[in-house]
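Below, all heavy atoms of this structure are taken into account, side chains as well, without hydrogens, waters or symmetry copies. Just so you know, ligand 1 is whichever comes first in the structure, and atom 1 is the first atom listed for that ligand.
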Amino acid sequence: MARLVIVSNRVPPPHTRGAQAGGLAVALKDALRRREAMWFGWSGELADPPGAPHSVTVGRHRYVTLDLTPDEERLYYTGYSNGTLWPMLHYRVGLLEFRREEEEAWRAVNERFARRLLPLLRPDDIIWVHDFHLIPLLRSLRDLGAQQRLGFFLHVPFPPPALFAALPRSEALLRDLGAADLIGMQTQGDAMHLSAALAEFGIETPVGAYPVGIDTAGFSRTAATALTKRETTRLIASLEGRSLILGVDRLDYSKGLPHRLRGYGALLRRFPEHRKRVTFLQTAPVSRGQVAQYRALRRELDELVGRINGEHAEFDWMPLRWLTRPLARSLLAGFLRHARVGLVTPLRDGMNLVAKEFVASQDPEDPGVLVLSRFAGAAAELSGALLVNPHDPEDITEALHQALTMPLAERRERWQGDWQALSNPPGGNWAQAFLERLMRN
Ligand code: ADQ
């Protein structure tokens, strides 16, 4: 089997691999199992000058990482990737900030990465580049003469072409994407948007939907085991029989956290029968703390949490528990299993693996209910969830009430459909399907 070369912005360091919050490490675990691979990307470290690549080999996997200079981090990562592309791709034109200097630094870092990667490649490698940070790398590799099969996967949404056109220099970005042999997206909707945007410039690169999946059976086993862990037992004891509503996200404006908290506050006002009968635990580890919008969001949420607890708490009941530190994955699985409601309400999300992990973690005999944003990629697969418009806190309120009062038979029926959908996805394993199509092209 040909070697797989994964290129992504961050390469998880060996000791934390698989254990940290972050989509890609989790999503690619299966694709990397049982094959020779090289994973190439940013080390997460800063150095000036950046120096030679670091290389670590663990079994049949080699990890090669490069440092960024502090300026590169500011312009390529914090500036253009997180300050421009992230809001643009999540339909948030109002948050978009564009500076030419940042866009140029983004291109320069991609070219430097391509030059460093090229000598490490073998002629029959399959190269798979991930996410929006590294779009120009596709064109740079081709310009430098790389002839290998070259795939690209976008983990986040892609807006309709008329919205995307608001991005200055968007044509150059689309032409860079055109250097790939195959582009994978999370949903049919995203694939249609990108195909249409490419077609406007006569670019015919095939684009397909390969919804990122999880190891459903494996996560289910982890969750069942995690239920008996000391920490899970302590969580359950601390609830004193109350139903647990659980939210698990990175602290990001795409995740719809303020609307979600308002929806919960309204539940306690409109449906007072749930007062003292529920606890909402929201975990949202701080991410991208250098970006102004993220700092502002944190302040807004800290205040909102304080207000909701202040308004509704009793001397012996705190309605909302707010954690800005990450939870270990092994604990998360047990917490999800115990939750009566999984509350996943992003304003826009490529997929949202937490929604799938919630379904996978449930006890088939007594499953909880997923309340899910219709704008998460996962909504296309999870028809058993209660779908909400996350911009409307009252819609979240009503779905929470429905979930908390849903009879067991309906919970089972809804859950079983979703479990089936995740266990046997129509396209098979997403990464395998993508790689097979890439080889055929
Ligand atoms: P993310 O935006 O990081 O990923 P998501 O898919 O929700 O989002 O989560 C990825 C992983 O991180 C999941 O396995 C989840 O359990 C873990 N995680 C999230 N919050 C956590 C927390 N508070 N504590 C511990 N673990 C946490 C990007 C895109 C998504 C897309 C993924 C994968 O933004 O739309 O689903 O990539 O393609």
[X] N/O under 3.5 Å from ligand 1 N/O:
X	result
Leu353	yes
Met351	yes
Asn352	yes

Note, [X] side chain near [Y] side chain (heavy atom, < 4.5 Å):
X	Y	answer
Phe40	Tyr63	no
Leu246	Leu343	no
Leu382	Leu422	yes

Which residue in the set Val388, Asn389, Leu267 passes side-chain contact (heavy atoms from CB on, under 4.5 Å) when paired with Ile396?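 Of Val388, Asn389, Leu267, side-chain contact (heavy atoms from CB on, under 4.5 Å) with Ile396 is met by Val388 alone.
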Which of these passes side-chain contact (heavy atoms from CB on, under 4.5 Å) with Trp39: Val64, Val5, Thr65, Val11?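 So the option named by the test is Val11.
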List the residues meeting ring-ring contact (aromatic ring centres under 6.0 Å, His included) with Phe280, not counting sequence neighbours, and say none if there are none.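 If we apply the ring-ring contact (aromatic ring centres under 6.0 Å, His included) test to Phe280, skipping adjacent residues, the hits are Tyr264.
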Suppose I only count heavy atoms of [X] and a 4.0 Å limit; which atoms of ligand 1 are within that range?
X	value
Leu332	16 (O), 26 (N)
Lys255	1 (P), 2 (O), 7 (O), 8 (O)
Asp349	30 (C), 34 (O), 35 (O)
Gln186	31 (C), 38 (O)
Gly350	35 (O)
Pro285	22 (C), 23 (N)
Arg250	1 (P), 2 (O), 3 (O), 20 (N)

Can you tell which of Arg348, His130, Glu357 gets a heavy atom nearest to atom 13 (C) of ligand 1?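 Closest candidate by heavy-atom distance is Glu357.
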Side-chain donor-acceptor pair under 3.5 Å between Asp252 and Tyr294, yes or no?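 Yes.
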Could you check whether Asn110 and Ser140, counting side-chain N and O atoms only, form a donor-acceptor pair closer than 3.5 Å?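 No - no donor-acceptor pair under 3.5 Å links their side chains.
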Would you say Trp86 touches ligand 1, if touching means a heavy atom closer than 4.0 Å?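 The answer is yes: ligand 1 sits under 4.0 Å from a heavy atom of Trp86.
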